[in-house]
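Quick note on labels: first sequence line is chain A, next is B, and so on, each numbered from 1.
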Amino acid sequence: MPELPDVEVYRRYLNATSLHQGIRDVEIRTDQILEGTSPLKIKAGLRNRSLESTDRHGKFLFVALDNQGWLVLHFGMTGDLKYYKNPIKEPEYTKFLIEYTNDYHLALVMPRKLGLVRLILDMQKFIKEKELGPDVYQDGFGYEMFKALLEGRRGMIKPTLMNQQIMAGIGNVYSDEILFQARVHPRLPVDQLQEERLRKIFKATKDVLETAIQKKADPEQFPASWIIPHRQKGGECPNCGGKVRNISVSGRSVYYCPDCQPT
DNA sequence: CCTATAGCCTGACGGC
DNA sequence: TGCCGTCAGGCTATAG
């Protein structure tokens, strides 16, 4: 579920396992996630180096190298990280693999080839290239900024929250949760939102992301009041007990409660 | 600026 | 059991 909370959990996992170790070798199992660069360049840039620290912007994870530049990871729809020792335990669907001099490994596990691995020098330049909006989870992301970003927009609230160029980090699943907590219909146009509802959406955004991270992005640990565990056909609304509805908005599958989330 | 659609990928799942 | 269609949390391009 690689949206902002998931990537933040991966970041902390990487911090806890994979820093300050010499990189002996790197394997790239598909060129399709390299965005124009080559396996040789990635290998040359990582061999005999070490990972020193991490950062994150939206759904992108940045890992600083000991000399200069960053390793960038994006997890697409199915990416995950696994740190392990025994080479026999290499996870199925490993697409990118770092082998450390201490014999441990860090694998980017990704059944579909929809992610990204790249080496860059300048993080801000990369963010600009990708035209990413401000990270939703950063300290400076307050209500005034949120409101300003939506100013003059006419689109539906759900795809607006998910638009990485407006603000970075929210995806399909967590936008459902945010709108459920705010009790706002996903198709409501942004310019029809009154101040009070806008504030509710902002607060829900902060609460949902914070809680999801705190719960390690594990749906089994999510509060009983959340809709995510009920995001399935025939699911029941945790608020009113009614049936959860599934519709399509901007080509994405949306789950919401028609009774609790009026237009 | 905004929406819908298709495509990129490939595994999981449900129905027959 | 096996085959087939559908769907899935990402992003991007294109047309209207």
Side-chain angles (χ1 to χ4, degrees), chain A residues 1-10 28-36 56-61 72-81 91-96 108-118 126-133 135-136 148-180 185-193 205 208-209 212-213 215-222 226-235 244-256:
Chain A
M1 206 195 306
E3 301 181 31
L4 188 153
D6 312 270
V7 178
E8 179 61 21
V9 170
Y10 297 165
I28 289 144
R29 301 278 163 71
T30 170
D31 292 3
Q32 283 168 273
I33 56 175
L34 298 185
E35 226 178 45
R56 183 191 51 69
H57 190 102
K59 302 172 190 173
F60 287 89
L61 177 56
V72 186
L73 299 176
H74 190 280
F75 299 90
M77 290 172 92
T78 58
D80 196 0
L81 291 178
E92 199 177 4
Y93 313 124
T94 293
K95 294 290 185 291
F96 171 71
L108 171 60
V109 183
M110 206 158 55
R112 284 187 262 173
K113 303 170 184 169
L114 297 176
L116 167 70
V117 173
R118 246 178 79 177
F126 179 86
I127 288 167
K128 209 169 176 183
E129 264 176 37
K130 295 287 181 189
E131 300 183 85
L132 298 177
D135 181 83
V136 180
L149 291 169
L150 301 187
E151 195 70 44
R153 301 229 159 239
R154 296 170 288 115
M156 299 179 282
I157 183 62
K158 160 98 176 169
T160 301
L161 290 174
M162 289 174 62
N163 186 334
Q164 303 301 297
Q165 300 185 7
I166 298 173
M167 59 189 94
I170 301 170
N172 198 33
V173 169
Y174 286 102
S175 58
D176 274 4
E177 189 64 61
I178 288 164
L179 293 174
F180 177 69
H185 194 284
R187 281 205 168 111
L188 197 64
V190 171
D191 58 7
Q192 283 180 33
L193 285 164
T205 300
V208 164
L209 296 180
I213 291 167
K215 301 294 183 189
K216 309 277 172 56
D218 175 5
E220 291 193 2
Q221 295 185 48
F222 289 170
W226 281 25
I227 199 174
I228 287 178
H230 310 278
R231 272 182 101 264
Q232 52 198 294
K233 306 255 157 85
V244 158
R245 185 172 294 173
N246 179 227
I247 59 174
S248 177
V249 178
S250 291
R252 306 309 300 276
S253 184
V254 179
Y255 290 85
Y256 75 107

Just how far, in rounded Å, is C1' of B/dC2 from CD of A/Gln192? 14 Å

With the side chain defined as heavy atoms from C-beta on, A/Lys130 is closest, among B/dC2, C/dT12, C/dG10, to C/dT12

Applying side-chain contact (heavy atoms from CB on, under 4.5 Å), run through A/Phe180 and A/Ile228 and close with a yes or a no. CA-CA 9 Å; A/Phe180 177 69; A/Ile228 287 178; over 6 Å; no

Examine A/Tyr256 together with A/His185 and report whether their ring centres are nearer than 6.0 Å. yes

Would A/Thr30 and A/Lys95 satisfy side chain to side chain donor-acceptor pair (under 3.5 Å), going step by step from the backbone distance to the final call? CA-CA 6 Å; A/Thr30 170; A/Lys95 294 290 185 291; over 6 Å; no

Any side-chain heavy-atom pair from A/Met110 and A/Tyr93 closer than 4.5 angstrom? no

Please assess A/Ile166 against A/Leu161 for the test side-chain contact (heavy atoms from CB on, under 4.5 Å), listing each intermediate value before the final yes or no. CA-CA 8 Å; A/Ile166 298 173; A/Leu161 290 174; over 6 Å; no

Rounded to whole angstrom units, what separation is found between the CG atom of A/Asn163 and the P atom of C/dG10? 12 Å

Any donor and acceptor pair, going by atom type alone, linking the side chain of A/Asp135 with main-chain N or O of A/Gly58 inside 3.5 Å? yes

Base, sugar-phosphate or nothing for A/Arg231? Non-hydrogen atoms, less than 4.0 Å. sugar-phosphate

DNA chain B: stems of at least 3 consecutive Watson-Crick or G-U pairs, cut-off 3.5 Å? B:2-8 with C:10-16, B:10-16 with C:2-8

In B/S/- notation (B base, S sugar-phosphate only, - none; protein heavy atoms under 4.0 Å), nucleotides 5-16 of chain B written 5' to 3' is B--BBBS-----

Figure out the CG/C1' separation between A/Leu161 and B/dT3, and round it to whole Å. 16 Å

A/Val249 side chain reached by A/Arg187 side chain, heavy atoms, under 4.5 Å: yes

For A/Arg118 and C/dG10, give me the distance from atom CZ to atom P, rounded to whole Å. 21 Å

Atom-to-atom span, CG of A/Leu188 to P of B/dT3 - whole angstrom: 12 Å

Do A/Phe126 and A/Phe60 have ring centroids that are under 6.0 Å from one another? yes

Is the phosphate of C/dC11 approached by A/Lys59 (side-chain N or O, under 4.0 Å from OP1 or OP2)? yes

Under the side-chain hydrogen bond (donor to acceptor under 3.5 Å, both in side chains) test, residues paired with A/Lys113 that sit two or more places apart: A/Gln32

